[in-house]
2 protein chains.
Amino acid sequence: MSLRYALLGHLAYEAASGYELTKRFEQEFGHYAWYARHTQIYPELNRLAAEGLIEVVAEGARGSRTYAITAEGRDQLRHWLTNPPQEQHARNEGVLRLFLLSSLEKEDALELLRAKAEECEREAKQLRAISEEIDRHAEPGGKLPFGRIASEFGWRSYEATREWALWAIKRIEET
Amino acid sequence: MSLRYALLGHLAYEAASGYELTKRFEQEFGHYAWYARHTQIYPELNRLAAEGLIEVVAEGARGSRTYAITAEGRDQLRHWLTNPPQEQHARNEGVLRLFLLSSLEKEDALELLRAKAEECEREAKQLRAISEEIDRHAEPGGKLPFGRIASEFGWRSYEATREWALWAIKRIEET
DNA sequence: GCGTTCATGTAAAACGTTACATGATTTG
DNA sequence: CAAATCATGTAACGTTTTACATGAACGC
(Lines give C-alpha, C1' and ligand atoms only; values in the text may rest on other atoms or scores of the structure.)
Protein backbone atom coordinates (compact mmCIF):
# COMPACT_ATOMS: atom_id res chain seq x y z
CA MET A 1 0.00 0.00 0.00
CA SER A 2 2.86 2.41 0.75
CA LEU A 3 4.22 2.27 -2.77
CA ARG A 4 1.22 4.05 -4.22
CA TYR A 5 1.63 6.92 -1.74
CA ALA A 6 5.34 7.10 -2.45
CA LEU A 7 4.44 7.54 -6.12
CA LEU A 8 1.63 10.00 -5.41
CA GLY A 9 4.01 11.98 -3.20
CA HIS A 10 6.60 12.28 -5.93
CA LEU A 11 3.99 13.31 -8.46
CA ALA A 12 2.47 15.79 -6.01
CA TYR A 13 5.82 17.55 -5.99
CA GLU A 14 6.19 17.47 -9.78
CA ALA A 15 5.05 15.53 -12.82
CA ALA A 16 7.34 12.72 -13.92
CA SER A 17 7.55 9.60 -16.08
CA GLY A 18 7.88 6.05 -14.78
CA TYR A 19 11.48 6.05 -15.87
CA GLU A 20 12.26 9.23 -13.94
CA LEU A 21 10.48 7.91 -10.85
CA THR A 22 12.46 4.69 -11.09
CA LYS A 23 15.71 6.62 -11.00
CA ARG A 24 14.62 8.58 -7.93
CA PHE A 25 13.74 5.37 -6.12
CA GLU A 26 17.30 4.23 -6.72
CA GLN A 27 18.74 7.32 -5.04
CA GLU A 28 18.38 8.79 -1.54
CA PHE A 29 14.66 8.23 -1.60
CA GLY A 30 15.01 4.47 -1.99
CA HIS A 31 17.98 4.49 0.32
CA TYR A 32 16.09 5.79 3.35
CA ALA A 33 12.37 5.84 2.67
CA TRP A 34 11.00 3.39 0.16
CA TYR A 35 12.70 1.34 -2.47
CA ALA A 36 11.00 -0.11 -5.54
CA ARG A 37 12.00 -1.38 -8.95
CA HIS A 38 10.63 -0.45 -12.31
CA THR A 39 8.81 -3.79 -12.49
CA GLN A 40 6.69 -2.70 -9.57
CA ILE A 41 6.47 0.99 -10.46
CA TYR A 42 5.07 0.68 -14.00
CA PRO A 43 2.12 -1.58 -13.15
CA GLU A 44 1.28 0.58 -10.12
CA LEU A 45 1.30 3.74 -12.26
CA ASN A 46 -1.13 2.05 -14.61
CA ARG A 47 -3.41 1.13 -11.71
CA LEU A 48 -3.24 4.67 -10.28
CA ALA A 49 -4.11 6.08 -13.70
CA ALA A 50 -7.01 3.63 -14.08
CA GLU A 51 -8.32 4.77 -10.68
CA GLY A 52 -8.01 8.41 -11.68
CA LEU A 53 -5.45 9.34 -9.01
CA ILE A 54 -2.89 10.34 -11.62
CA GLU A 55 -3.12 11.17 -15.33
CA VAL A 56 -0.91 11.33 -18.39
CA VAL A 57 -0.07 14.96 -19.13
CA ALA A 58 2.57 14.48 -21.83
CA GLU A 59 3.95 11.80 -24.12
CA GLY A 60 7.55 11.95 -25.19
CA ALA A 61 10.12 10.06 -27.20
CA ARG A 62 10.32 6.24 -26.98
CA GLY A 63 6.79 5.93 -25.66
CA SER A 64 7.50 7.79 -22.45
CA ARG A 65 4.50 9.10 -20.54
CA THR A 66 4.65 11.95 -18.04
CA TYR A 67 2.14 11.59 -15.20
CA ALA A 68 0.69 14.28 -12.95
CA ILE A 69 -1.35 13.85 -9.79
CA THR A 70 -5.08 14.62 -9.98
CA ALA A 71 -7.17 16.42 -7.36
CA GLU A 72 -8.53 13.04 -6.25
CA GLY A 73 -4.99 11.69 -5.91
CA ARG A 74 -3.94 14.71 -3.88
CA ASP A 75 -6.90 14.18 -1.55
CA GLN A 76 -6.00 10.55 -0.96
CA LEU A 77 -2.35 11.40 -0.38
CA ARG A 78 -3.26 14.11 2.10
CA HIS A 79 -5.59 11.75 3.94
CA TRP A 80 -2.88 9.11 4.20
CA LEU A 81 -0.25 11.58 5.39
CA THR A 82 -2.45 13.22 8.00
CA ASN A 83 -3.63 9.87 9.45
CA PRO A 84 -0.48 8.10 10.54
CA PRO A 85 -0.81 4.67 12.17
CA GLN A 86 0.09 4.32 15.84
CA GLU A 87 2.69 1.56 15.47
CA GLN A 88 5.26 1.20 12.74
CA HIS A 89 8.02 -1.18 11.92
CA ALA A 90 11.06 -1.36 9.75
CA ARG A 91 12.76 -3.82 7.48
CA ASN A 92 16.25 -2.49 6.99
CA GLU A 93 19.01 -4.95 6.21
CA GLY A 94 21.78 -2.46 7.05
CA VAL A 95 20.42 -1.82 10.53
CA LEU A 96 19.72 -5.54 10.98
CA ARG A 97 23.40 -6.27 10.34
CA LEU A 98 24.41 -3.74 12.96
CA PHE A 99 22.02 -5.19 15.52
CA LEU A 100 23.42 -8.69 15.08
CA LEU A 101 27.05 -7.68 15.50
CA SER A 102 27.04 -8.74 19.15
CA SER A 103 26.69 -12.35 18.02
CA LEU A 104 30.14 -12.19 16.40
CA GLU A 105 33.52 -12.68 18.03
CA LYS A 106 34.80 -9.43 19.51
CA GLU A 107 37.44 -8.83 16.84
CA ASP A 108 35.08 -9.52 13.91
CA ALA A 109 32.50 -7.17 15.42
CA LEU A 110 35.03 -4.40 15.98
CA GLU A 111 36.32 -4.68 12.43
CA LEU A 112 32.82 -4.37 10.97
CA LEU A 113 31.97 -1.46 13.27
CA ARG A 114 35.10 0.42 12.27
CA ALA A 115 34.31 -0.13 8.59
CA LYS A 116 30.73 1.05 9.21
CA ALA A 117 31.88 4.18 11.03
CA GLU A 118 34.13 5.07 8.11
CA GLU A 119 31.40 4.39 5.56
CA CYS A 120 29.00 6.61 7.52
CA GLU A 121 31.54 9.39 7.67
CA ARG A 122 32.02 9.27 3.89
CA GLU A 123 28.29 9.16 3.19
CA ALA A 124 27.46 11.93 5.68
CA LYS A 125 30.06 14.22 4.11
CA GLN A 126 28.77 13.50 0.62
CA LEU A 127 25.14 14.16 1.53
CA ARG A 128 26.10 17.31 3.37
CA ALA A 129 27.83 18.50 0.23
CA ILE A 130 24.72 17.66 -1.81
CA SER A 131 22.56 19.58 0.68
CA GLU A 132 24.74 22.66 0.39
CA GLU A 133 24.81 22.34 -3.39
CA ILE A 134 20.99 22.28 -3.52
CA ASP A 135 20.83 25.34 -1.26
CA ARG A 136 23.24 27.27 -3.51
CA HIS A 137 21.14 26.58 -6.61
CA ALA A 138 17.72 27.17 -5.03
CA GLU A 139 16.04 30.48 -5.73
CA PRO A 140 15.39 32.25 -2.41
CA GLY A 141 11.74 32.10 -1.36
CA GLY A 142 10.99 29.26 -3.81
CA LYS A 143 9.52 25.95 -2.71
CA LEU A 144 11.78 23.63 -0.71
CA PRO A 145 13.27 21.24 -3.29
CA PHE A 146 12.07 17.64 -2.94
CA GLY A 147 15.54 16.20 -2.49
CA ARG A 148 16.55 18.84 0.04
CA ILE A 149 14.54 17.44 2.93
CA ALA A 150 15.81 13.95 2.08
CA SER A 151 19.48 14.85 1.89
CA GLU A 152 19.27 16.64 5.24
CA PHE A 153 17.67 13.59 6.81
CA GLY A 154 20.30 11.41 5.16
CA TRP A 155 23.38 13.12 6.47
CA ARG A 156 21.92 13.46 9.95
CA SER A 157 21.07 9.74 9.96
CA TYR A 158 24.54 8.75 8.82
CA GLU A 159 26.09 11.02 11.41
CA ALA A 160 23.96 9.51 14.19
CA THR A 161 24.81 5.99 13.04
CA ARG A 162 28.50 6.88 12.96
CA GLU A 163 28.39 8.19 16.51
CA TRP A 164 26.52 5.09 17.60
CA ALA A 165 29.17 2.87 15.95
CA LEU A 166 31.94 4.76 17.77
CA TRP A 167 30.05 4.30 21.05
CA ALA A 168 29.62 0.56 20.34
CA ILE A 169 33.34 0.19 19.57
CA LYS A 170 34.18 1.73 22.93
CA ARG A 171 31.70 -0.44 24.79
CA ILE A 172 32.95 -3.63 23.15
CA GLU A 173 36.60 -2.74 23.70
CA GLU A 174 35.88 -2.26 27.41
CA THR A 175 34.65 -5.83 27.92
CA MET B 1 16.44 -14.15 3.17
CA SER B 2 17.09 -11.60 5.92
CA LEU B 3 14.53 -13.10 8.28
CA ARG B 4 16.52 -16.27 8.73
CA TYR B 5 19.62 -14.30 9.73
CA ALA B 6 17.59 -12.16 12.10
CA LEU B 7 16.46 -15.39 13.78
CA LEU B 8 19.94 -16.91 13.75
CA GLY B 9 21.30 -13.69 15.26
CA HIS B 10 18.85 -13.77 18.13
CA LEU B 11 19.57 -17.43 18.79
CA ALA B 12 23.31 -16.83 18.57
CA TYR B 13 22.93 -14.45 21.49
CA GLU B 14 20.77 -16.84 23.50
CA ALA B 15 18.38 -19.76 23.06
CA ALA B 16 14.70 -18.82 22.77
CA SER B 17 11.30 -20.14 21.73
CA GLY B 18 9.31 -18.94 18.76
CA TYR B 19 7.00 -17.13 21.11
CA GLU B 20 9.85 -15.25 22.80
CA LEU B 21 11.35 -14.36 19.44
CA THR B 22 7.99 -13.06 18.25
CA LYS B 23 7.82 -10.70 21.22
CA ARG B 24 11.32 -9.36 20.53
CA PHE B 25 10.39 -8.68 16.91
CA GLU B 26 7.54 -6.55 18.19
CA GLN B 27 9.86 -4.37 20.27
CA GLU B 28 12.87 -2.23 19.38
CA PHE B 29 14.27 -4.90 17.13
CA GLY B 30 11.25 -4.88 14.86
CA HIS B 31 11.01 -1.15 15.18
CA TYR B 32 14.41 -0.39 13.66
CA ALA B 33 15.89 -3.51 12.19
CA TRP B 34 13.54 -6.23 10.99
CA TYR B 35 9.91 -6.83 11.74
CA ALA B 36 8.15 -10.16 11.36
CA ARG B 37 5.00 -11.80 12.67
CA HIS B 38 4.60 -15.15 14.29
CA THR B 39 3.01 -16.51 11.13
CA GLN B 40 6.32 -16.00 9.36
CA ILE B 41 8.60 -16.84 12.31
CA TYR B 42 7.27 -20.31 13.16
CA PRO B 43 7.52 -21.79 9.65
CA GLU B 44 11.01 -20.31 9.25
CA LEU B 45 12.15 -21.83 12.57
CA ASN B 46 10.95 -25.20 11.32
CA ARG B 47 12.88 -24.77 8.08
CA LEU B 48 16.03 -23.71 9.95
CA ALA B 49 15.72 -26.75 12.21
CA ALA B 50 15.18 -29.05 9.22
CA GLU B 51 18.37 -27.63 7.68
CA GLY B 52 20.28 -28.19 10.90
CA LEU B 53 21.08 -24.50 11.50
CA ILE B 54 19.20 -24.50 14.81
CA GLU B 55 18.00 -27.29 17.12
CA VAL B 56 15.47 -27.84 19.88
CA VAL B 57 17.26 -27.81 23.22
CA ALA B 58 14.24 -27.84 25.54
CA GLU B 59 10.51 -28.41 25.51
CA GLY B 60 8.31 -26.54 27.96
CA ALA B 61 4.70 -26.13 28.89
CA ARG B 62 2.01 -25.78 26.24
CA GLY B 63 4.17 -27.36 23.55
CA SER B 64 6.79 -24.61 23.60
CA ARG B 65 10.16 -25.43 22.07
CA THR B 66 13.38 -23.62 22.92
CA TYR B 67 15.79 -23.43 20.02
CA ALA B 68 19.56 -22.93 20.06
CA ILE B 69 21.86 -22.18 17.15
CA THR B 70 24.12 -24.97 15.91
CA ALA B 71 27.76 -24.67 14.84
CA GLU B 72 26.60 -24.79 11.21
CA GLY B 73 24.09 -22.01 11.89
CA ARG B 74 26.75 -19.90 13.53
CA ASP B 75 29.02 -20.37 10.50
CA GLN B 76 26.31 -19.27 8.09
CA LEU B 77 25.43 -16.24 10.23
CA ARG B 78 29.06 -15.21 10.47
CA HIS B 79 29.46 -15.56 6.71
CA TRP B 80 26.42 -13.40 6.07
CA LEU B 81 27.50 -10.73 8.55
CA THR B 82 31.06 -10.48 7.28
CA ASN B 83 30.00 -10.28 3.63
CA PRO B 84 27.75 -7.24 3.40
CA PRO B 85 26.33 -6.26 0.00
CA GLN B 86 27.49 -3.05 -1.61
CA GLU B 87 24.10 -1.37 -2.07
CA GLN B 88 21.19 -1.45 0.33
CA HIS B 89 17.74 -0.02 0.43
CA ALA B 90 15.02 0.66 2.94
CA ARG B 91 11.29 0.29 3.16
CA ASN B 92 10.28 2.37 6.16
CA GLU B 93 6.80 3.84 6.23
CA GLY B 94 7.67 6.35 8.98
CA VAL B 95 10.53 7.82 7.00
CA LEU B 96 8.45 7.73 3.81
CA ARG B 97 5.83 9.89 5.49
CA LEU B 98 8.46 12.41 6.49
CA PHE B 99 9.87 12.54 2.98
CA LEU B 100 6.48 13.28 1.47
CA LEU B 101 5.67 16.16 3.81
CA SER B 102 6.76 18.72 1.27
CA SER B 103 3.81 17.72 -0.90
CA LEU B 104 1.40 19.03 1.75
CA GLU B 105 0.22 22.57 2.32
CA LYS B 106 2.61 24.50 4.53
CA GLU B 107 0.38 24.46 7.61
CA ASP B 108 -0.42 20.73 7.38
CA ALA B 109 3.27 19.95 7.00
CA LEU B 110 4.23 22.11 9.98
CA GLU B 111 1.61 20.51 12.17
CA LEU B 112 2.82 17.01 11.35
CA LEU B 113 6.46 17.99 11.85
CA ARG B 114 5.71 19.46 15.25
CA ALA B 115 3.86 16.29 16.27
CA LYS B 116 6.76 14.21 14.99
CA ALA B 117 9.32 16.24 16.92
CA GLU B 118 7.34 15.76 20.13
CA GLU B 119 6.90 12.05 19.51
CA CYS B 120 10.64 11.69 18.89
CA GLU B 121 11.44 13.54 22.08
CA ARG B 122 9.19 11.21 24.10
CA GLU B 123 10.58 8.07 22.48
CA ALA B 124 14.19 9.19 22.79
CA LYS B 125 13.75 9.86 26.49
CA GLN B 126 12.09 6.51 27.03
CA LEU B 127 14.78 4.56 25.20
CA ARG B 128 17.48 6.48 27.02
CA ALA B 129 15.88 5.46 30.30
CA ILE B 130 15.76 1.83 29.09
CA SER B 131 19.46 2.04 28.14
CA GLU B 132 20.41 3.30 31.58
CA GLU B 133 18.23 0.67 33.23
CA ILE B 134 19.99 -2.11 31.29
CA ASP B 135 23.38 -0.66 32.28
CA ARG B 136 22.41 -0.61 35.95
CA HIS B 137 21.39 -4.28 35.89
CA ALA B 138 24.29 -5.60 33.79
CA GLU B 139 27.12 -7.32 35.61
CA PRO B 140 30.38 -5.45 34.92
CA GLY B 141 32.60 -7.28 32.45
CA GLY B 142 29.73 -9.50 31.27
CA LYS B 143 28.64 -9.68 27.61
CA LEU B 144 26.92 -6.64 26.16
CA PRO B 145 23.17 -7.36 26.49
CA PHE B 146 21.43 -7.89 23.16
CA GLY B 147 18.91 -5.12 23.67
CA ARG B 148 21.54 -2.65 24.82
CA ILE B 149 23.02 -2.01 21.40
CA ALA B 150 19.50 -1.65 19.99
CA SER B 151 18.24 0.81 22.60
CA GLU B 152 21.32 2.97 22.14
CA PHE B 153 20.75 3.02 18.38
CA GLY B 154 17.10 3.76 18.99
CA TRP B 155 17.47 6.84 21.13
CA ARG B 156 20.19 8.25 18.93
CA SER B 157 17.99 7.75 15.86
CA TYR B 158 15.01 9.42 17.49
CA GLU B 159 17.17 12.30 18.64
CA ALA B 160 18.58 12.77 15.12
CA THR B 161 15.09 12.65 13.62
CA ARG B 162 13.86 15.18 16.17
CA GLU B 163 16.65 17.60 15.30
CA TRP B 164 15.93 17.10 11.61
CA ALA B 165 12.23 17.85 12.20
CA LEU B 166 13.12 21.04 14.04
CA TRP B 167 15.38 22.04 11.15
CA ALA B 168 12.62 21.30 8.64
CA ILE B 169 10.12 23.39 10.63
CA LYS B 170 12.51 26.35 10.52
CA ARG B 171 13.15 25.93 6.80
CA ILE B 172 9.45 25.71 5.96
CA GLU B 173 8.56 28.66 8.18
CA GLU B 174 11.14 30.79 6.35
CA THR B 175 9.47 30.34 2.96
C1' DG C 1 -14.33 -22.46 36.15
C1' DC C 2 -13.64 -18.30 33.29
C1' DG C 3 -11.02 -15.02 30.98
C1' DT C 4 -6.37 -14.05 29.70
C1' DT C 5 -2.04 -15.08 28.10
C1' DC C 6 0.94 -18.55 26.26
C1' DA C 7 2.21 -21.15 22.26
C1' DT C 8 1.90 -22.92 17.90
C1' DG C 9 0.14 -23.54 13.37
C1' DT C 10 -2.17 -23.29 8.08
C1' DA C 11 -3.90 -21.15 3.78
C1' DA C 12 -5.21 -17.50 0.68
C1' DA C 13 -4.14 -13.11 -0.86
C1' DA C 14 -1.13 -9.20 -1.47
C1' DC C 15 3.27 -7.47 -2.24
C1' DG C 16 8.02 -7.57 -4.10
C1' DT C 17 12.07 -9.73 -6.83
C1' DT C 18 14.23 -11.98 -10.61
C1' DA C 19 14.47 -13.18 -15.14
C1' DC C 20 13.06 -12.36 -19.54
C1' DA C 21 11.56 -9.33 -23.34
C1' DT C 22 11.18 -5.54 -26.75
C1' DG C 23 12.08 -1.64 -29.28
C1' DA C 24 13.26 3.51 -29.78
C1' DT C 25 16.66 7.17 -29.49
C1' DT C 26 21.04 9.11 -28.59
C1' DT C 27 26.22 9.26 -28.55
C1' DG C 28 30.55 8.45 -30.36
C1' DC D 1 26.42 1.87 -37.53
C1' DA D 2 27.33 -0.06 -32.98
C1' DA D 3 26.93 0.45 -28.19
C1' DA D 4 24.76 2.65 -24.54
C1' DT D 5 20.89 4.43 -22.56
C1' DC D 6 16.02 5.36 -22.53
C1' DA D 7 11.50 3.50 -21.71
C1' DT D 8 8.20 0.21 -20.88
C1' DG D 9 6.35 -4.25 -19.98
C1' DT D 10 5.06 -9.60 -18.38
C1' DA D 11 5.40 -13.93 -15.82
C1' DA D 12 7.19 -17.05 -12.44
C1' DC D 13 8.74 -17.17 -8.10
C1' DG D 14 9.58 -15.87 -3.33
C1' DT D 15 8.23 -13.10 0.79
C1' DT D 16 4.93 -10.97 3.91
C1' DT D 17 0.23 -10.09 5.56
C1' DT D 18 -4.37 -11.26 6.87
C1' DA D 19 -7.65 -14.26 8.44
C1' DC D 20 -8.62 -18.35 10.55
C1' DA D 21 -7.65 -22.08 13.95
C1' DT D 22 -6.54 -24.84 18.14
C1' DG D 23 -5.51 -26.01 22.67
C1' DA D 24 -2.70 -25.75 27.13
C1' DA D 25 -1.61 -23.30 31.38
C1' DC D 26 -2.19 -19.48 34.56
C1' DG D 27 -4.47 -15.97 37.69
C1' DC D 28 -8.39 -14.67 40.02
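Chain letters run A, B, ... following the sequence lines, proteins first and then strands; every chain starts at 1.
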Below 4.0 angstrom from OP1 or OP2 of [N], is there any side-chain N or O of [X]?
| X | N | result |
| --- | --- | --- |
| Gln40(A) | dT17(C) | yes |
| Arg37(B) | dT18(D) | yes |
| Arg47(B) | dT15(D) | no |
| Arg91(B) | dT15(D) | no |

Can you measure [X] atom [atom1] to [N] atom [atom2] for me and round it to whole angstrom units?
| X | N | atom1 | atom2 | result |
| --- | --- | --- | --- | --- |
| Lys23(B) | dT8(C) | NZ | C1' | 14 Å |
| Arg65(B) | dA24(D) | CZ | P | 15 Å |
| Leu45(B) | dT10(C) | CG | P | 12 Å |
| Glu44(B) | dT17(D) | CD | P | 13 Å |
| Tyr19(B) | dA25(D) | OH | P | 15 Å |
| Tyr67(B) | dT8(C) | OH | P | 7 Å |
| Leu21(B) | dC6(C) | CG | P | 15 Å |
| Phe25(B) | dT17(D) | CZ | C1' | 16 Å |

Please pick, from [options], the nucleotide with the shortest atom-to-atom distance to any side-chain atom of [X].
| X | options | value |
| --- | --- | --- |
| Tyr42(B) | dG16(C), dT8(C), dG9(D) | dT8(C) |
| Thr39(B) | dA7(C), dT10(D), dG9(C) | dG9(C) |
| Ala61(B) | dT8(C), dA25(D), dT8(D) | dA25(D) |

Map Arg62(B) and Leu3(A) onto DNA chain C by nearest heavy atom, then report which one ends up closer to the 5' terminus.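 Checking each residue's closest nucleotide, the 5'-ward one belongs to Arg62(B).
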5' priority, DNA chain C, between Gly63(A) and Ala36(A) [closest heavy atom]: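 Upstream on the strand: Ala36(A).
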Kindly say whether Trp34(A) contributes a backbone atom to a donor-acceptor pair with the side chain of Arg91(B) at under 3.5 angstrom?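 Not confirmed, Arg91(B) side chain does not pair with Trp34(A) backbone.
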Could a donor-acceptor pair under 3.5 angstrom be found where the side chain of Ser17(B) meets the base of dT8(C)?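 Donor-acceptor pair under 3.5 Å: no.
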Geometric cation-pi criterion Arg128(B) and Trp155(B), 6.0 Å radius, 45° cone: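 Geometry flag: set, cation within 6.0 Å and 45°.
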Ring of Trp80(A), cation from Arg97(B) - is the NZ or CZ under 6.0 Å from the centre and inside 45° of the axis?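 Checked: cation-pi criterion met.
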Between Arg65(A) and Tyr67(A), is any side-chain donor less than 3.5 angstrom from a side-chain acceptor?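 Present: a donor and an acceptor within the cut-off.
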Taking the six-membered ring for Trp, are Phe25(B) and His89(A) ring centroids under 6.0 Å apart?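 No - the distance between ring centres of Phe25(B) and His89(A) does not fall below the 6.0 Å cut-off.
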